[in-house]
There are 2 protein chains.
Amino acid sequence: MKPSIPKGTRDFSPAEMLRRNYLFGIIRTAFARFGYLPLETPSMEQLSTLMGKYGEEGDKLIFKVLDSGEFLDHADRDALAKNDSRKFAVSVAEKALRYDLTVPFARYVVMHQHEIVFPFRRYQIQPVWRADRPQKGRYREFYQCDADVIGSNSLVCESELIQLLEFVFSAIGLKVVVQLNNRKLLAGLAEVMGVPDHLTDITVAMDKLEKVGLDKVREELTAKGISAQAMTILEPVLLFKGVTNDKLAMLDSVLATSETGRKGIEEIRALFSMLSNFSFTHLSCELDLSLARGLNYYTGAIIEVKAADERTSFSSSICGGGRYDDLTGIFGLSGMSGVGISFGADRICDVMEEIGLFPESHTSAATVMAVNFDGDPDGSVAALLHRLRMAGVNAEAYPDPVKLKKQFAFADAKGIRYVIVRGDEERNSGMFNLKNLADGTQHTYTAEELIGVLVQKD
Amino acid sequence: MKPSIPKGTRDFSPAEMLRRNYLFGIIRTAFARFGYLPLETPSMEQLSTLMGKYGEEGDKLIFKVLDSGEFLDHADRDALAKNDSRKFAVSVAEKALRYDLTVPFARYVVMHQHEIVFPFRRYQIQPVWRADRPQKGRYREFYQCDADVIGSNSLVCESELIQLLEFVFSAIGLKVVVQLNNRKLLAGLAEVMGVPDHLTDITVAMDKLEKVGLDKVREELTAKGISAQAMTILEPVLLFKGVTNDKLAMLDSVLATSETGRKGIEEIRALFSMLSNFSFTHLSCELDLSLARGLNYYTGAIIEVKAADERTSFSSSICGGGRYDDLTGIFGLSGMSGVGISFGADRICDVMEEIGLFPESHTSAATVMAVNFDGDPDGSVAALLHRLRMAGVNAEAYPDPVKLKKQFAFADAKGIRYVIVRGDEERNSGMFNLKNLADGTQHTYTAEELIGVLVQKD
């Protein structure tokens, strides 16, 4: 009987909505400021659109939507007999909830390739769903805020995305570190290690370096068949300490024989050179050679952002992205290079909450409330509220003629700043009393005057 | 291989998003103007929260989300043997997509009753999902925009919701008819017909009057066991023509013996009297005694809005709502009366599209685009764009140094108004060329001047 909500999901109260809208507003403004256009895709995609795009682990975490009607008529009885839930699921669930915004974006681009003017910059702010085990900072329904540009190879795109990060994080007042790497460096490394086919194994293992340590990474790669000799090339690169120029110089030598690797170095140099023209206040960029990112589709720059504020206990990444040369290839449109960034809005909210970055003065409450003195017999209070609203003032009526004390307590609890009272005295004189709840002052005004006062305060 | 999206769902391109955001913005502003606070609930609810709340038909239309993992372990094998898809579904789907915003709101109020200050005005703008057969104006994923106030019996709430309708429809420029009725009138009618227990049957049948005609309604009610004599009381009421006062006078006599009926008349009179204080420009209210609305939980005023513009072919309702005295009772909190209204944003968009109510000048494109002349070797164009963005101007960079003609065509296609060119000549003189694509004029400016010009135009 007692109602509840599914684990890993959340209700957002008005106070929480206010904070979230504050952050979303900043991100949306930043996207528009850089020329990205809004796009929305359906919450449900064909299951076949999503399956196989996020690796084996990802497939398991996709929420599948049961077919309507007599779905047992087309259920896979064989899978049922074998108690194979995954195989059975595919036979009774044609649709699924989107898992990220990137695959639906690729699907959209392919379906609308003839209407789109490329390079296409789009942003998308929508929830995604993952059947992950819920824990701190990890939800089963959460918002992603993505900006991608597709149809251009230019590093200007990467540079602008990083400027966009500065735009957002300086607006919210959070210092961050932007970790950069390039998949071409990693591919070059796999080449010079003599295991070009193991690039995915290497990136998957490297992605865990920070969490599990070098020994575990070595163990995992050995299990994947990478020789101890090959590891002697990889390890010094992963562990190398030094400034960006030292790292690049080291790579010049390690990757000298790999064309892909040299191209990666060149891209990184060019990007850092473009970024050197800007003086960022809230963002520092570093070349992190151990950065790999889990997703397979990246082919160039990869980006990860972490909070760099000593007041936060949050160490996981709050933004991520990178360049993909063939994301739309999975849907039959090849040769479309793109690059994008995704803000993890829920995690950013958690960090902002933790260190107090939301403006305190912020309120979504109406500016003024009209007390219900005696049911407003002549309709004059309702008429005043109407005029206030037409003048752009958020104004609410207390609906019931209960004790004034209760009505004032209500206005206080909601954070309403002004209260209008029209008692017998005011009605006789054709006036309205306006009380400022913050400082307790009050004045009597005509309707005209009162509107003037509140329009200014709003 | 060719990708598609589930039937009844839609992608919203940037141009469509712009129009939808325009409408949502107006509705959101109206909600805030009347003191409603934002709330969001999860897309997924426990299936048990939703089942049984929307009638038998509704239960079938709820999208169920398949449990993750080895769900066959707890599948209902008995239902399977009997090929009972509905019973089987409940055993493998603990969660479901929300079907409307009202039941999740009631669930929220019950779960948070100790933190909420009543009367609680909340608005909620979120998608809902229904496994309905898709057709014109009916989608499987669509947005509802709801405003409800809970914890007050006052008719001020009803009056303000209707003022809110005027606020929205005058802002978008659409004339509408607001049909009003009161469930207490209908309950009184069932009483005087001698069939008080058949109120639901009567409202369900009446709700179809417009669609199927009087004969079918009579047939349906006869089948439900309502006598021909009882029908002689109902029919004249349904068919009565006249202005509101005539209708109320007729009801005074028909419902004289029913206390509930008399209360309904009193509420309608009071509401019309309150509304008579306002001169609405886009909205006319009429008492429609055949209005019943399908949902069972209404107990007082019921409201339905239809477009009243001869240019639209759209006849179905675009907004609906009403008062419910015990919605939270289903979750264990009784005695909470509320009233709300729901805007069918997708249908309103369809109507606005049909008769051209979206402002044409509207664009979400950036104000200015910088041409990529030769890769911006000194970074001066990137620096200018940075300053423009900091000054609040939406500005984008064309990323690739392709032919100027192609870049100008791109700006044109996107609806960008200004283009910045910095060729050799401009670079030598330290200037920037700004071209107005609308009228073809161009001027050469310093960076400072150019920023000044564009800040003004934005």
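Just so it is clear: chains get the letters A, B, ... in the order the sequence lines come, proteins before strands, and each one is counted from 1.
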Inset, instruction - Could you have a look at B:Ile62, B:Asn277, B:Leu80, B:Val110 and say which one has the most heavy-atom pairs with chain A under 4.5 angstrom? - result: B:Leu80
Inset, instruction - Name the orientation class of the two ring planes belonging to A:Phe88 and B:Phe71 (parallel below 30°, tilted from 30 to 60°, perpendicular beyond 60°). - result: tilted
Inset, instruction - Name the member of B:Val156, B:Leu97, B:Leu66 that forms the most heavy-atom pairs with chain A at distances under 4.5 Å. - result: B:Leu66
Inset, instruction - Would you sort out whether A:Tyr36 and B:Glu396 count as a side-chain contact (heavy atoms from CB on, under 4.5 Å), showing the intermediate values? - result: CA-CA 8 Å; A:Tyr36 290 85; B:Glu396 68 179 273; over 6 Å; no
Legend entry - Toward chain A, the part of B:Tyr123 with a non-hydrogen atom under 4.5 Å: neither
Inset, instruction - Supply the atom-to-atom distance B:Phe63 CZ to A:Asp67 CG, rounded to the nearest 0.5 angstrom. - result: 9.5 Å
Inset, instruction - Check ring-ring contact (aromatic ring centres under 6.0 Å, His included) between A:Phe120 and all other residues, then give those that pass, not counting sequence neighbours. - result: none
Legend entry - Most chain A-contacting option - heavy-atom pairs closer than 4.5 Å, from B:Ala395, B:Gly379, B:Pro401: B:Ala395
Legend entry - Most contacts with chain B, counted as non-hydrogen pairs under 4.5 angstrom, among A:Ala30, A:Ala79, A:Ala365, A:Ala89: A:Ala89
Inset, instruction - For residues B:Pro399 and A:Cys157, report the shortest heavy-atom separation together with the two atoms involved. - result: CB-SG, 3.6 Å
Legend entry - Largest heavy-atom contact set with chain A, pairs under 4.5 Å, which of B:Glu16, B:His112, B:Lys64: B:Lys64
Inset, instruction - Using non-hydrogen atoms and a 4.5 Å limit, figure out which bit of B:Glu160 sits close to chain A: side chain, backbone, both or neither. - result: side chain
Inset, instruction - Over 60° means perpendicular and under 30° means parallel, so classify the ring planes of B:Trp129 and A:Trp129, tilted if in between. - result: perpendicular
Inset, instruction - For chain B, find which of A:Leu155, A:Asn153, A:Thr41 contributes the most heavy-atom pairs closer than 4.5 angstrom. - result: A:Thr41
Inset, instruction - Answer yes or no: is there a side-chain heavy-atom contact under 4.5 Å between B:Ser4 and A:Gln46? - result: yes
Legend entry - Most contacts with chain B, counted as non-hydrogen pairs under 4.5 angstrom, among A:Ala413, A:Ser68, A:Pro119: A:Pro119
Inset, instruction - Kindly indicate whether the side chain of A:Phe331, heavy atoms from C-beta on, has any atom under 4.5 Å from the side chain of B:Lys2. - result: no
Legend entry - Segment of B:Arg77 engaging chain A (4.5 angstrom heavy-atom cut-off): side chain
Inset, instruction - Please determine, by modelled atom types, if B:Asn83 and A:Asp73 share a side-chain donor-acceptor pair under 3.5 angstrom. - result: yes
Legend entry - Flag side-chain contact, heavy atom, 4.5 Å: A:Glu45 against B:Thr9: no
Legend entry - Student check: side-chain heavy atoms of A:Asp11 and B:Pro42 closer than 4.5 Å: yes
Legend entry - Choice from A:Arg122, A:Arg121, A:Arg140 maximising heavy atom contacts with chain B below 4.5 Å: A:Arg121
Inset, instruction - Would you name the heavy atoms of A:Ser13 and B:Tyr108 that are closest together and state the gap between them? - result: CB-OH, 3.3 Å
Legend entry - Heavy-atom side-chain contact between A:Leu388 and B:Arg33 under 4.5 Å: no
Inset, instruction - Tell me, out of B:Gln163, B:Lys60, B:His386, who's got the most heavy-atom pairs with chain A below 4.5 Å. - result: B:His386
Inset, instruction - Tell me, out of B:Val65, B:Asp400, B:Val117, who's got the most heavy-atom pairs with chain A below 4.5 Å. - result: B:Asp400
Legend entry - Side chain proximity check, A:Ser154 to B:Tyr398, heavy atoms < 4.5 angstrom: no
Inset, instruction - Can you tell which part of B:Ser43 gets under 4.5 Å to a heavy atom of chain A, answering side chain, backbone, both or neither? - result: both
Inset, instruction - Flag the pair A:Glu166 and B:Arg389 as a salt bridge only when some basic side-chain nitrogen lies within less than 4.0 angstrom of an acidic carboxylate oxygen. - result: no
Legend entry - A:Met274 side chain reached by B:Asp376 side chain, heavy atoms, under 4.5 Å: no
Inset, instruction - Can you tell which part of B:Glu141 gets under 4.5 Å to a heavy atom of chain A, answering side chain, backbone, both or neither? - result: side chain
Inset, instruction - Check each atom of B:Asp84 against the heavy atoms of chain A and say whether the ones under 4.5 Å are side chain, backbone, both or neither. - result: backbone
Legend entry - Part of B:Met44 within contact of chain A (heavy atom distance under 4.5 Å): both
Inset, instruction - Would you mind checking which part of A:Ser152 comes under 4.5 Å of any heavy atom in chain B, side chain (CB onward), backbone (N, CA, C, O), both or neither? - result: both
